[in-house]
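Along the sequence shown, residues are numbered consecutively beginning with 1. In what follows, every heavy atom counts, from backbone to side chain, and hydrogens, waters and symmetry copies are set aside.
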Amino acid sequence: VGRSSQGLSTSADQQTRLHDAANGNLIRAMGGPGDAMYCAVAAGKSALAFAGGQEGVLWVWQIENGQAVQQLK
């Protein structure tokens, strides 16, 4: 993710979460989807997180502030 000590998780509560990988503490939750999220990844120097779920929409967030920047259908 943004740093090697962070990880993303998804769940059926419509949230993608950024965690401190060293201790598991929550850094931020990124919401917006109307369904369960299945998969999350982070990419590149732009520090973006991607997650998708049952609605068939791929959500994109800025990891730095958790702001949703795009939804791809």
Backbone of S11 reached by a side-chain donor or acceptor of R17 within 3.5 Å: no
Closest heavy-atom pair and its distance - [X], [Y]:
X	Y	value
R28	I63	NH1-O, 2.8 Å
W61	A51	CZ3-CB, 3.5 Å
H19	G24	ND1-O, 3.4 Å
Q15	A29	OE1-CB, 3.2 Å
N25	N23	N-OD1, 2.8 Å

Other residues, nucleotides, ligands: >12 heavy atoms within 6.0 Å of Q54 CD: yes
Separation of D20 CG from L26 CG (nearest 0.5 Å): 10.5 Å
Approximate separation, where rounding is to 0.5 Å, of E55 CD and Q71 CD: 10.0 Å
Side chains of [X] and [Y] in contact at under 4.5 Å (non-hydrogen atoms):
X	Y	value
I27	Q6	yes
W59	T16	no
V41	L8	no
Q70	L48	no

